[in-house]
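Beneath this line is the structure, given in structure tokens, with notes to follow.
Protein chains get the first letters and strands the later ones, always in sequence-line order, with residue 1 at the start of each. Side chains included, hydrogens not; waters and symmetry mates left out as well; all remaining heavy atoms used.
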There are 2 protein chains.
Amino acid sequence: METKAATTLLAALAQETRLTIYRLLVAAGPSGLPAGQIAEQLQLAAATASFHLKELSQAGLLAARQEGRFIFYSANYAQMNALLAFLTENCCGGTPCGSDVPCC
Amino acid sequence: METKAATTLLAALAQETRLTIYRLLVAAGPSGLPAGQIAEQLQLAAATASFHLKELSQAGLLAARQEGRFIFYSANYAQMNALLAFLTENCCGGTPCGSDVPCC
DNA sequence: CCTTTATTTCCATAATATTGGAAATATGGA
DNA sequence: TCCATATTTCCAATATTATGGAAATAAAGG
């Protein structure tokens, strides 16, 4: 991952509503939840929820699948894991962090 | 950590210049680097670097310490670790993720 | 106290993001 | 085909963020 891609992911999560949506879907597990239920649960206007779901999806943090008239959104765990790896990468220039100075 | 605090951290990192600064300081290790050297290394106007360093510090991601005429900034690893824990917390509603559906 | 160097604050400009109402689109069932 | 429901797109108002020049502050050493 490069810096640009990481900022896209971070920006997607750096917003209270979106972070709440994301965590709701992390907790919901792989099957996810339909857009309407997400909006309802978080008391959001449909347009607002849709806007944030798009942001998260475009960043690759969510997957969307159609099921009947519903669109289910679910968390993409792989993307988050890649982000976490990037954030702690190259800690202390590669020198293993001493146990007296715990780093990453 | 609550959602609000986490968005503050994420917002601080969700900007290319700031993420680059943060990673530079993660790589620099616990001793950190003086503000001027960070600005120079990243080719930033002093005011711009100062603005971003303040954002990161206010979020708690950086520590600042005066040393002579220099102000050394360094990464606060604990804050990042707390963020990582928060992001993966409560995955799949607490149900351990099956090895066939690897989550977090 | 004056000078040099390091950094920050002030400020205005420019760019980007968030919000939700209303209209458009899509899906499935009667 | 027509209707009800689910979701998205369009749009405009509002709010937030980033940038850097210039001036202010701070620290150390003559």
Side-chain angles (χ1 to χ4, degrees), chain A residues 3-25 28 31-76, chain B residues 3-25 28 31-76:
Chain A
T3 308
K4 192 66 184 287
T7 53
T8 303
L9 290 184
L10 289 162
L13 294 169
Q15 209 278 339
E16 209 165 351
T17 302
R18 280 199 296 272
L19 183 54
T20 306
I21 290 175
Y22 180 77
R23 278 163 51 82
L24 177 65
L25 291 175
S31 55
L33 295 172
Q37 194 171 322
I38 296 167
E40 189 189 27
Q41 213 146 135
L42 271 44
Q43 309 206 68
L44 299 171
T48 303
S50 185
F51 168 77
H52 288 304
L53 287 167
K54 192 173 75 172
E55 294 285 303
L56 286 163
S57 299
Q58 283 180 344
L61 284 162
L62 298 185
R65 72 174 193 285
Q66 184 112 19
E67 200 157 301
R69 276 191 283 192
F70 300 87
I71 297 181
F72 278 73
Y73 284 92
S74 55
N76 179 354
Chain B
T3 307
K4 192 65 185 289
T7 52
T8 303
L9 289 185
L10 289 162
L13 292 169
Q15 208 276 341
E16 210 166 350
T17 302
R18 280 199 296 271
L19 183 54
T20 306
I21 290 175
Y22 180 76
R23 280 166 49 82
L24 177 63
L25 291 177
S31 55
L33 294 173
Q37 194 171 321
I38 296 168
E40 189 190 28
Q41 212 145 139
L42 271 44
Q43 308 207 67
L44 300 171
T48 303
S50 186
F51 168 77
H52 289 305
L53 288 167
K54 190 174 76 174
E55 294 286 303
L56 287 164
S57 300
Q58 282 180 344
L61 284 163
L62 298 186
R65 74 174 193 286
Q66 184 112 20
E67 200 156 301
R69 278 191 283 192
F70 300 88
I71 297 181
F72 278 74
Y73 285 92
S74 55
N76 179 354

Counting only side-chain N and O atoms of A/His52, is one of them less than 4.0 Å from OP1 or OP2 of C/dA17?
no
Over all atoms of both residues, closest heavy-atom pair of B/Leu13 and A/Thr7
O-CG2, 4.1 Å
Rounded to whole Å, please give me the gap between CG in A/Leu62 and P in D/dT8.
11 Å
Base, sugar-phosphate or nothing for A/Tyr73? Non-hydrogen atoms, less than 4.0 Å.
sugar-phosphate
Looking only at heavy atoms, what is the nearest atom pair of A/Ser31 and A/Phe72, with distance?
O-CD2, 3.6 Å
Non-hydrogen atoms of B/Leu53 and B/Tyr73 that approach each other most closely
CD1-CE1, 3.7 Å
Could you please name the option among D/dA6, C/dT18, D/dA18 that lies closest to any side-chain atom of B/Gln15?
D/dA18
Rounding to an integer number of Å, can you tell me how far B/Arg69 CZ sits from D/dA27 C1'?
7 Å
Distances under 3.5 Å between nitrogen or oxygen atoms of protein and nucleotides 20-23 of chain C:
unit_1, atom_1, unit_2, atom_2, d
C/dG20, OP2, A/Thr48, OG1, 2.6

Could you tell me the separation between the CD atom of A/Glu16 and the C1' atom of C/dT19, rounded to a whole number of Å?
15 Å
Measure from CD on A/Gln37 to C1' on D/dA6 and round the result to the nearest Å.
13 Å
Which nucleotide in the list C/dT18, C/dT9, D/dA27 gets nearest to the side chain of B/Ser50?
C/dT9
Nearest whole Å is fine: how far is D/dT7 C1' from A/Phe72 CZ?
13 Å
Protein-nucleotide distance (B/Ile38, atom CD1; C/dT7, atom P), rounded to Å
8 Å
Please determine whether the number of non-hydrogen atoms from other residues, nucleotides or ligands lying under 6.0 Å from atom CD of A/Glu40 exceeds 12.
no
Closest nucleotide among C/dT9, C/dT8, D/dT8 to the B/Lys54 side chain:
C/dT9
Map A/Thr17 and B/Leu53 onto DNA chain C by nearest heavy atom, then report which one ends up closer to the 5' terminus.
B/Leu53
On DNA chain C, more 5' by nearest nucleotide between A/Glu55 and B/Ile71 is B/Ile71
Whole angstrom is fine here: how far is it from CD in A/Gln41 over to P in D/dA6?
15 Å
Work out which heavy atom in B/Gly60 is nearest to a heavy atom in B/Asn76; give both atom names and the distance.
O-ND2, 3.0 Å
Flag yes if more than 12 heavy atoms outside A/Glu67 fall under 6.0 Å of its CD atom; otherwise flag no.
yes
At their closest point, which heavy atom of B/Glu16 faces which heavy atom of A/Thr3, and how far apart are they?
CG-CG2, 3.9 Å
Tell me: CZ of A/Arg18 to P of C/dA17, nearest whole Å?
9 Å
